[in-house]
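Below, chains carry the letters A, B, ... as their sequence lines are ordered, and counting in each starts from 1. Side chains are part of it too, since the values below use all heavy atoms of this structure and drop only hydrogens, waters and symmetry mates.
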Amino acid sequence: MSEIVERAALPLAQTATSRRPIGLLLVAMPVLLVIWLVIWPAINAISRTVWRTDVNGNAGFDLSSYAFFFSDTYSLGNLAVTLWTTLVCAVLLLVISLPIALYLRFSRGRLPAYVQALAILPMFVPSIILAFAFIRVLGPNGMLDILLNALGLPKIRTPYLTPWGPVIGLVWDNTPLTVLILLSGLGGVANQAIEAARDVGANAIRVFWHIILPRISNSILVALSFSVLGIFSSFTLPYLLGPASPEMLGPFMQRTLRDVQDPIGAMTQAVVAFGFCILFGLFYVRSVARNRGNR
Amino acid sequence: MSVLNIAEVTKTFSGGTNAVDRFSLDVAGGELVCLLGPSGSGKSTLLRMVGGFEQPTGGRITIDGEDVTHLPPERRPTGMVFQSHALWTHMNVFKNVAFGLRLRRMPAKQIREKVEAVLELVGLAGYGDRMTTQLSGGQQQRVALARSLVLEPKILLLDEPFASLDQHLRERLRDEVRDIQQRLGITTLFVTHGQDEALSMADRIVVIANGRAEQIGRPDAVYRDPKTPFVAGFIGLMNLIEGEVKNGHFIRSEFTTPLPIADGPATLAIRPEALDLTASNAPTARVHRVTDYGSHGLVDLDLADGTRLKSTVANLDLFQAGQGVGLLPRAVAAYRENQQIYRS
Ligand SMILES: Nc1ncnc2c1ncn2[C@@H]1O[C@H](COP(=O)(O)OP(=O)(O)OP(=O)(O)O)[C@@H](O)[C@H]1O
Ligand SMILES: [Mg+2]
């Protein structure tokens, strides 16, 4: 049975591919780039961290750098703070961006246009500028402190150089993209579908929960994966705004490489980070595939 | 007893468009009323105000004596069927229909019974497990209808529900909807800009232009006795001729006919089937084109000044392009200042 199917399918597939050499070329370019720039260095890094030469010059399989990473409380602390930052940012991004996107999608008039411009603005502000603005406003003796002082109020405990510093910066930085992705998802929800739900008796909350949310779950997934991947491996904002210890994996790698001069250690950290990102990626692909299957 | 009362309802949009202008209508229980009018005349806006999707800027809407003017859609006893794109594509047919009942916390067993009964009613028995994207356009609109009907609304609102379907399907569905509507005795407001639809389905027709009711009446009455030139021109084919009345005669170019009204400008309305053509030594019109519709023929005529008229004839062979003919109206109506002032 399957033989017949295969024989029947083969000529079709052949003509289809031979008719589309351009399509194949278009796909080949990014695939080759990914192999060259991502997969090859990754394999290289992994092999260099597990296939090592010891002090006597004997090469051999060696997992000691990983054993060290996963037993060293400092490394584990850094991993934990990275995961914590990523998770908190993801939750905050959703909590902040979804209402903005909903507002932009469902309100009419001139005001939403301004709100949208405002929400997208952070996209055009470089991280460095953002970091210094943060320090000038929220840092010790920053604008907020001066303002509070002028009002006769006590100073705040500044988030600068605490784990909340990078969180605030990263959420600000990732809000525009998240809003835009959610907004495009909301664009796919027809007004009449929503009105029909109200017509059969659903109030605003029910409409959101039963009609809108299921339709944009994919967009939420896409938005979160984009930001989660970026935040997990971010460098500039945690480096400039975060505490020295524990630090996120980005600055940690940089310091291990430059200051401690331990390339194998840095590479091990990179491989661990890469592993987590692949996990996120797999989760994303699986969810999208499952949603597709439901359609 | 009137179930739906629309009193002096006005809707002015923020841009200044006066979509509905002091519109009043009484709909009796079990009646099907068609809102008929050209594009942009305010039909949808009016229907959406009854459904609660737009807020009137003036007037009152009452359903069964209860003022619903300021109630949101979810608290009105109305059910709306939209033109398209209104099904929830992430739910299957059963869930689409059951959603409203679930919101009302009805027991699952009862929901199943009701949904199956209503799917049977709209001719979709056994389709419950289908995803809505796997249905044809006609089936999708049946689901939308079932979704409204299952909640047993006091008033069913349909906004050009068949506009995106082909002619055949449209005719079949409109018969089915009429059957269901009469069987359930459900009060219905139906928006369309197709006069066939209105004439064949409605108990009463409301002809709307520029947000105002031009005429309200039974389909045959609106067809036979249009009260304004707009209605005359909008319902069915009609020859509308602008001209002058002098000494009891209507005059346009070489065409004259007796018209016992006071002198002055007037608009004469003659149905093509009420305009006979005669052989004449002094022809008043010339045949422009002859079209064979199978069941009857239609002759396009030109007056000397270029005014185009139409006449329905039984025997096409008597006429050919270029031929001169005399005109003999059998029934006419005359309008002056937008009012009917004479009917023969
Ligand atoms: N949300 C809105 N804002 C501003 N103007 C509107 C709005 N909705 C409708 N209008 C205007 O109100 C008038 C009536 O529109 P409506 O949709 O009621 O017409 P309609 O009779 O349903 O036409 P159609 O047969 O094309 O559906 C139109 O001039 C339209 O441009
Ligand atoms: Mg409309």
Side-chain angles (χ1 to χ4, degrees), chain A residues 98 101-115 181-224 286-295, chain B residues 13-15 44 47-48 50-54 71-92 95-106 131-134 140-141 143-153 155-161 164:
Chain A
L98 196 51
L102 284 170
Y103 168 77
L104 292 177
R105 165 68 180 79
F106 292 111
S107 53
R108 295 182 199 158
R110 176 108 28 113
L111 193 59
Y114 293 122
V115 173
I181 294 174
L182 292 180
L183 197 54
S184 85
L186 284 169
V189 187
N191 278 339
Q192 296 198 334
I194 290 166
E195 292 185 338
R198 301 201 59 193
D199 196 50
V200 299
N203 57 21
I205 293 168
R206 291 237 163 103
V207 168
F208 173 73
W209 186 253
H210 293 289
I211 307 297
I212 296 177
L213 208 51
R215 290 298 310 275
I216 61 165
S217 58
N218 248 351
S219 303
I220 293 179
L221 211 58
V222 171
L224 284 187
R286 208 192 62 155
S287 312
V288 168
R290 209 179 42 197
N291 277 358
R292 279 277 167 89
N294 283 349
R295 288 279 143 82
Chain B
F13 282 109
S14 48
S44 295
L47 202 73
R48 290 169 59 77
V50 177
F53 300 105
E54 301 281 0
L71 288 186
E74 61 265 29
R75 295 183 39 208
R76 296 195 186 201
T78 53
M80 181 125 164
V81 178
F82 296 85
Q83 189 171 331
S84 56
H85 305 304
L87 293 185
W88 305 307
T89 50
H90 59 284
M91 302 181 190
N92 63 19
K95 285 184 178 159
N96 262 274
V97 180
F99 183 61
L101 298 174
R102 292 227 167 103
L103 290 178
R104 286 161 178 71
R105 306 195 182 287
M106 191 176 272
M131 288 314 282
T132 56
T133 43
Q134 300 169 325
Q140 290 183 9
Q141 286 307 65
V143 174
L145 183 65
R147 193 172 61 181
S148 288
L149 288 177
V150 80
L151 299 174
E152 297 168 13
I155 295 169
L156 185 63
L157 306 168
L158 302 113
D159 191 355
E160 307 202 35
S164 57

- Where do A/Ala196 and B/Ala86 come nearest, in terms of heavy atoms and distance? CB-O, 3.8 Å
- Greater than 12 external heavy atoms within 6.0 Å of A/Ile205's CD1: no
- Message: Looking at every non-hydrogen atom in both residues, tell me the closest pair between B/Phe99 and A/Ala202 and how far apart they are.
- Response: CE2-CB, 4.1 Å
- Message: So for B/Leu103, is it side chain, backbone, both, or neither that comes closer than 4.5 Å to the heavy atoms of chain A?
- Response: both
- Item | CE on B/Met91 to CD1 on A/Ile211, rounded to 0.5 Å | 4.0 Å
- Option passing side-chain contact (heavy atoms from CB on, under 4.5 Å) with A/Val200 (candidates B/Arg102, B/Arg147, B/Met80, B/Glu74): B/Arg147
- Message: Counting only non-hydrogen atoms closer than 4.5 Å, does B/Arg104 touch chain A with its backbone (N, CA, C, O), its side chain (CB onward), both, or neither?
- Response: side chain
- Note on the structure: Rounding to 0.5 Å, atoms CD (A/Glu195) and CZ (B/Phe82) come to a distance of 5.0 Å
- Message: If you define the side chain from C-beta out and look only at heavy atoms, does anything of A/Arg215 sit under 4.5 Å from B/Thr89?
- Response: yes
- Task: Select, from B/Ser14, B/Gly100, B/Ala144, the one with the greatest count of heavy-atom pairs under 4.5 Å involving chain A.
- Result: B/Gly100
